[in-house]
Protein chains: 2
Amino acid sequence: MIKGNQGTEERIFEAAKNVFVKKGLNNSRMQEIAQEAGMNKALLHYYYRSKEKLFQAVFNSVMKRVIPPIAEMLEKEIPLFEKIEFIVDRYINSLISNPQIPVFFIQEIQRNPQQIVEIIKKYGIKPEVFFQQIENEIKAGNIIDIQPQQLIVNLLSLCVFPFAARPVVQGMIFENDKKKYDQFLFERKKEVSKFIINSIRKK
Amino acid sequence: MIKGNQGTEERIFEAAKNVFVKKGLNNSRMQEIAQEAGMNKALLHYYYRSKEKLFQAVFNSVMKRVIPPIAEMLEKEIPLFEKIEFIVDRYINSLISNPQIPVFFIQEIQRNPQQIVEIIKKYGIKPEVFFQQIENEIKAGNIIDIQPQQLIVNLLSLCVFPFAARPVVQGMIFENDKKKYDQFLFERKKEVSKFIINSIRKK
DNA sequence: GTCTATATTGTGATAGAC
DNA sequence: GTCTATCACAATATAGAC
């Protein structure tokens with residue numbers, strides 16, 4: 001349960017975030033959120049009017065915290081290999097701290113695909129800078145020929161998938177051992193950037 | 001709508017599969033399935049008793065069709081690089097034919113994480129054969145030193161993620177252009193195995 | 001087996017006392 | 001602002017005619 005020292009509205013918000021992020025919109029009950037916040041469910045409506053509005057508040061807040069760092073990293077002006085190491089390390093680290101975000105995001109986008117367009121517009125994600133950097137490195141002969149789009153999707157896949165599919169992977173290849181899987185994720189920070197750089201570096 | 005030449009039970013089942021796979025359990029309505037099957041919703045209960053049971057029938061059927069081919073490919077006795085090309089090509093191809101499966105699977109596992117254990121037991125997925133093969137290649141000095149678990153998760157990530165996160169990726173780096181993204185996925189069959197083999201091959 | 005009509009239940013939302 | 005009690009509605013499930 002959420003601790004009681006904050007204001008009521010904040011307590012509701014924190015409780016809603018916990019529940020929504022874990023279960024998604026449709027598997028979450030207002031009753032459950034109220035209980036998590038240590039109050040009656042009528043109060044949720046008093047402060048947020050409807051379940052949908054409460055959810056939107058949570059979703060927007062999570063996006064606001066999650067998207068800008070990524071957008072920023074993509075535009076950072078440092079050498080490519082350094083940048084890959086930097087992004088992978090930071091990104092996996094932040095996913096270790098917030099492991100449910102990928103599923104939360106995938107589910108919500110599935111439910112309401114429209115909003116992805118708004119999110120991109122709102123936070124001004126521009127992968128073009130990163131694309132350009134990759135193309136420059138190819139022309140300079142420093143890395144092998146690869147479509148920038150393929151490379152960036154590879155990077156995202158390698159970072160995010162192990163969190164989105166955790167129960168499956170943990171069950172399939174780690175005998176459902178939570179600690180082993182945590183260790184695996186921790187090591188992955190180095191492994192993934194090694195894997196990528198190994199693949200695109202000319203030897 | 002489902003065509004009417006099959007038996008009623010099969011019509012229901014096909015309709016339910018269409019709806020459930022697209023929307024997941026909680027966003028699907030019995031009414032909608034009935035409509036899709038061209039009949040009254042009372043019939044769904046007559047044949048399948050409850051929504052939950054109908055869903056389980058669909059889920060089990062999908063798993064039965066999706067899991068064994070993967071399990072089999074992992075144990076196939078062919079050289080490692082060939083095997084990687086084979087798995088990636090076949091796997092991405094099957095995802096192109098059934099693009100909603102990853103999200104369907106992730107959502108359901110999230111809702112009911114218990115069952116993953118049963119599925120693994122039921123279909124006898126054994127990655128050990130593949131692990132052993134990788135370790136042998138490392139000892140023989142044919143590929144670089146890498147944890148087999150990391151490699152296999154890399155392979156799965158690179159294949160599955162672009163389907164699970166399609167709306168996001170399509171929006172972020174393909175200006176929401178469906179055709180471009182389909183083309184991208186098609187090319188990926190070759191790109192992914194090249195990417196992996198490039199990374200682990202000793203040069 | 002298939003339908004219409006109805007019962008039952010779960011849950012989001014509101015009214016009104018305090 | 002916070003609570004209890006209640007409403008309203010949607011969706012699953014069943015009864016019963018044919």
Side-chain angles (χ1 to χ4, degrees), chain A residues 1-62 104 107-108 110-112 114-115, chain B residues 1-62 104 107-108 110-112 114-115:
Chain A
M1 202 203 292
I2 297 292
K3 292 170 201 86
N5 18 3
Q6 326 146 49
T8 306
E9 189 166 348
E10 285 71 29
R11 285 230 309 287
I12 294 172
F13 184 83
E14 288 303 315
K17 191 158 75 181
N18 285 353
V19 176
F20 280 142
V21 167
K22 200 182 300 170
K23 304 195 170 185
L25 176 63
N26 286 291
N27 286 319
S28 301
R29 304 298 126 204
M30 292 297 265
Q31 172 56 38
E32 191 180 358
I33 295 170
Q35 198 172 328
E36 173 86 7
M39 66 184 63
N40 192 280
K41 68 180 173 158
L43 269 186
L44 310 197
H45 287 96
Y46 178 80
Y47 281 95
Y48 286 93
R49 192 76 192 165
S50 73
K51 183 185 183 184
E52 181 68 29
K53 286 198 169 59
L54 176 53
F55 182 82
Q56 279 308 321
V58 169
F59 186 73
N60 288 335
S61 150
V62 170
F104 175 66
Q107 276 187 336
E108 174 57 12
Q110 189 73 0
R111 195 185 67 92
N112 181 5
Q114 262 329 91
Q115 65 190 321
Chain B
M1 201 204 290
I2 297 293
K3 291 169 200 87
N5 19 3
Q6 324 145 49
T8 306
E9 189 167 348
E10 284 72 29
R11 286 231 309 287
I12 295 172
F13 184 82
E14 288 303 315
K17 190 158 77 181
N18 286 352
V19 176
F20 280 142
V21 167
K22 200 183 300 170
K23 304 195 169 185
L25 176 62
N26 285 290
N27 288 318
S28 302
R29 304 297 128 203
M30 292 297 265
Q31 172 56 38
E32 192 180 357
I33 294 170
Q35 200 171 326
E36 173 87 7
M39 66 185 63
N40 191 280
K41 66 182 171 157
L43 270 186
L44 311 197
H45 287 95
Y46 178 80
Y47 281 96
Y48 287 92
R49 190 79 191 164
S50 73
K51 184 185 183 184
E52 181 68 31
K53 285 196 170 60
L54 176 54
F55 182 82
Q56 278 308 321
V58 168
F59 186 73
N60 288 335
S61 152
V62 170
F104 175 66
Q107 277 187 336
E108 174 57 11
Q110 189 73 1
R111 196 185 67 90
N112 181 5
Q114 261 331 90
Q115 64 190 321

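First the proteins, then the strands, lettered A, B, ... as listed; each starts at 1.
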Visitor: Listing time: all N or O pairs from protein to nucleotides 10-12 of chain D that are below 3.5 Å?
Guide:
from   : atom 1 : to      : atom 2 : distance (Å)
D:dT12 : OP1    : B:Lys51 : NZ     : 3.0
D:dT12 : OP2    : B:Met30 : N      : 3.2

Visitor: Just so I know, are the side chains of A:Leu25 and A:Gln107 near enough to count as touching, which here means a heavy-atom distance under 4.5 Å?
Guide: no

Visitor: List the atom of A:Ile12, the atom of A:Leu43, and the distance in Å for their closest heavy-atom pair.
Guide: CD1-O, 3.9 Å

Visitor: Measure CD/A:Glu10 against P/D:dG1 and give the value in whole Å, please.
Guide: 11 Å

Visitor: By nearest atom, which of the nucleotides D:dG1, D:dT14, C:dT2 is closest to the B:Tyr47 side chain?
Guide: C:dT2

Visitor: Under 4.0 angstrom, heavy atoms only, what part of the nucleic acid is B:Tyr46 near: base, sugar-phosphate, or nothing?
Guide: base

Visitor: Let me spell it out: for each of A:Ala42 and B:Met39, pick the nucleotide of DNA chain C with the closest heavy atom. Which residue's pick is nearer the 5' end?
Guide: B:Met39

Visitor: For the residue pair A:Arg111 and A:Phe55, would you count it as a cation-pi contact if the rule is NZ or CZ under 6.0 angstrom from the ring centre and within 45 degrees of the ring axis?
Guide: yes

Visitor: Hey, what do you get for NZ (B:Lys41) to CD (B:Glu32), rounding to the nearest 0.5 Å?
Guide: 13.0 Å

Visitor: For D:dT14, does either OP1 or OP2 sit under 4.0 Å from a side-chain N or O belonging to B:Arg49?
Guide: yes

Visitor: Minimum heavy-atom separation for B:Gln6 and B:Glu14, please, with both atom names.
Guide: OE1-CG, 3.8 Å

Visitor: Can you confirm whether A:Arg29 sits close enough to A:Gln35 that some side-chain heavy atom of one is under 4.5 Å from a side-chain heavy atom of the other?
Guide: no

Visitor: Look for any protein N or O under 3.5 Å of an N or O in nucleotides 16-18 of chain D and output each such pair with its distance, or none.
Guide:
none

Visitor: Side-chain contact test, heavy atoms from C-beta onward, threshold under 4.5 Å: evaluate it for A:Gln115 versus A:Glu108 and give yes or no.
Guide: yes

Visitor: Ignoring hydrogens, what is the shortest heavy-atom contact between A:Val58 and A:Ala16? Give both atom names and the distance.
Guide: CG2-CB, 3.9 Å

Visitor: Under a 4.0 Å heavy-atom cut-off, which of residues 53-60 of chain A touch DNA chain D?
Guide: none

Visitor: Is there side-chain contact between A:Lys51 and A:Phe20, with heavy atoms separated by less than 4.5 Å?
Guide: yes

Visitor: Should the heavy atoms of other residues, nucleotides or ligands under 6.0 Å from CD of A:Glu52 be counted, would the total exceed 12?
Guide: yes

Visitor: Check every atom of D:dT4, C:dT4, D:dT2 against the side chain of A:Leu43 and return the nucleotide holding the closest atom.
Guide: D:dT2

Visitor: So does B:Tyr48 get a side-chain nitrogen or oxygen closer than 4.0 Å to the phosphate oxygens (OP1/OP2) of D:dA13?
Guide: no

Visitor: In whole angstrom, give the distance that lies between atom CG of B:Leu44 and atom P of C:dC3.
Guide: 10 Å

Visitor: What's the shortest heavy-atom distance between B:Asn27 and B:Lys23, and which atoms?
Guide: CB-O, 3.3 Å

Visitor: CG of A:Asn40 versus P of D:dT6: gap in Å, rounded?
Guide: 14 Å

